Amino acid sequence: MALLQILEYPDPRLRKVASPVAAVTPEIQKLVRDLAETMYAAPGIGLAATQVDVHKRVIVMDLSETRDELRVFINPEILEVGGEAEAEEGCLSVPGYYDKVTRPATARVRALNQRGERFNVDADGLLAVCIQHEMDHLMGKVFVDHLSPLKRARLSARLRKKQRLAG
Ligand code: NI
């Protein structure tokens with residue numbers, strides 16, 4: 001296994017659109033293991049392949065307190081959404097920044113697991129938020145894209161300041 005480097009916003013590589021996985025090969029299974037290791041080490045609750053500069057439709061997630069319930073979504077598709085809910089989100093690619101985002105409250109998702117088996121999940125609560133957040137990454141979107149232009153301008157100013165202090 002290997003720890004992968006997580007790209008940080010506003011890295012332009014976070015804007016790439018991921019391609020579907022043609023087959024769940026040993027190479028894809030290795031990517032899943034590396035993504036999981038990187039997510040657990042960060043630590044985070046979800047990670048999309050896009051965030052480690054691999055542009056394939058692969059997501060890992062673990063929402064459990066005990067950090068031993070890995071969920072894998074390969075080629076995820078949203079079949080249906082319902083309602084609307086606001087939740088505070090953060091992202092390993094936007095360290096230290098959290099803000100409220102409004103999204104559909106529920107999502108029915110179809111995907112493949114790490115063995116290439118198809119499954120469906122009816123997600124609500126944190127799972128629904130997390131799946132939609134990670135699927136945005138696969139489309140080249142970051143959660144801050146959902147914020148108002150004013151909030152994004154403030155975030156950019158903060159990141160530039162951080163860069164100056166670091167550099
Ligand atoms: Ni994220």
Side-chain angles (χ1 to χ4, degrees), residues 1-21 28 31-65 67 69-78 81 84-107 109-114 121 123-160 162-163:
M1 290 201 286
L3 279 183
L4 306 171
Q5 198 202 332
I6 298 175
L7 302 177
E8 289 192 10
Y9 177 84
D11 193 308
R13 291 171 291 180
L14 287 169
R15 296 301 179 192
K16 291 192 186 177
V17 175
S19 311
V21 170
I28 293 294
L31 172 63
V32 166
R33 289 194 300 274
D34 290 346
L35 281 171
E37 191 187 9
T38 304
M39 173 187 75
Y40 286 123
I45 60 172
L47 190 64
T50 306
Q51 292 176 273
V52 298
D53 202 24
V54 176
H55 302 284
K56 293 185 178 145
R57 292 186 61 81
V58 179
I59 289 166
V60 296
M61 215 178 284
D62 189 336
L63 306 179
S64 71
E65 295 275 324
R67 312 289 286 153
E69 290 170 32
L70 181 67
R71 294 169 184 264
V72 178
F73 300 83
I74 298 171
N75 295 344
E77 294 167 76
I78 290 184
V81 293
E84 200 177 87
E86 187 184 63
E88 187 162 82
E89 297 188 25
C91 180
L92 292 174
S93 293
V94 195
Y97 187 80
Y98 301 86
D99 215 328
K100 285 185 175 144
V101 175
T102 301
R103 299 182 183 273
T106 63
V109 177
R110 178 168 72 182
L112 302 175
N113 66 17
Q114 61 269 52
V121 59
D124 60 10
L126 180 59
L127 179 59
V129 171
C130 202
I131 288 176
Q132 293 177 79
H133 174 120
E134 300 307 333
M135 285 182 70
D136 273 359
H137 280 301
L138 301 180
M139 294 304 295
K141 275 185 90 171
V142 181
F143 86 98
V144 298
D145 298 343
H146 292 276
L147 304 178
S148 68
L150 176 65
K151 279 188 170 177
R152 262 180 291 136
R154 280 193 195 137
L155 172 63
S156 298
R158 194 164 125 179
L159 292 174
R160 278 196 301 274
K162 190 173 127 187
Q163 223 167 20

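All of these numbers come straight from a predicted model, not from anything done at the bench. Counting starts at 1 for both ligands and their atoms, in listed order.
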_So which atom in M39 and which in R67 form the shortest heavy-atom distance, rounded to 0.1 Å?_
O-NH2, 4.0 Å
*Using salt bridge (Lys or Arg N to Asp or Glu O under 4.0 Å) as the criterion, point out the one residue from E89, E84, E86, E88 that pairs with R103.*
E89
*Residue that, paired with L35, satisfies side-chain contact (heavy atoms from CB on, under 4.5 Å) out of V72, V54, I59, V60*: V60
_Heavy-atom side-chain proximity of L138 to V17 below 4.5 angstrom_ = no
*Less than 2.8 Å from the Ni ion (ligand 1) is the window; count the protein N, O or S atoms in it.*
3
*With the threshold set at 4.0 Å, does a side-chain nitrogen-carboxylate oxygen contact exist between R154 and D99?*
no
*State which residues pass ring-ring contact (aromatic ring centres under 6.0 Å, His included) with F143; sequence neighbours excluded, sorted by chain then number.*
H133
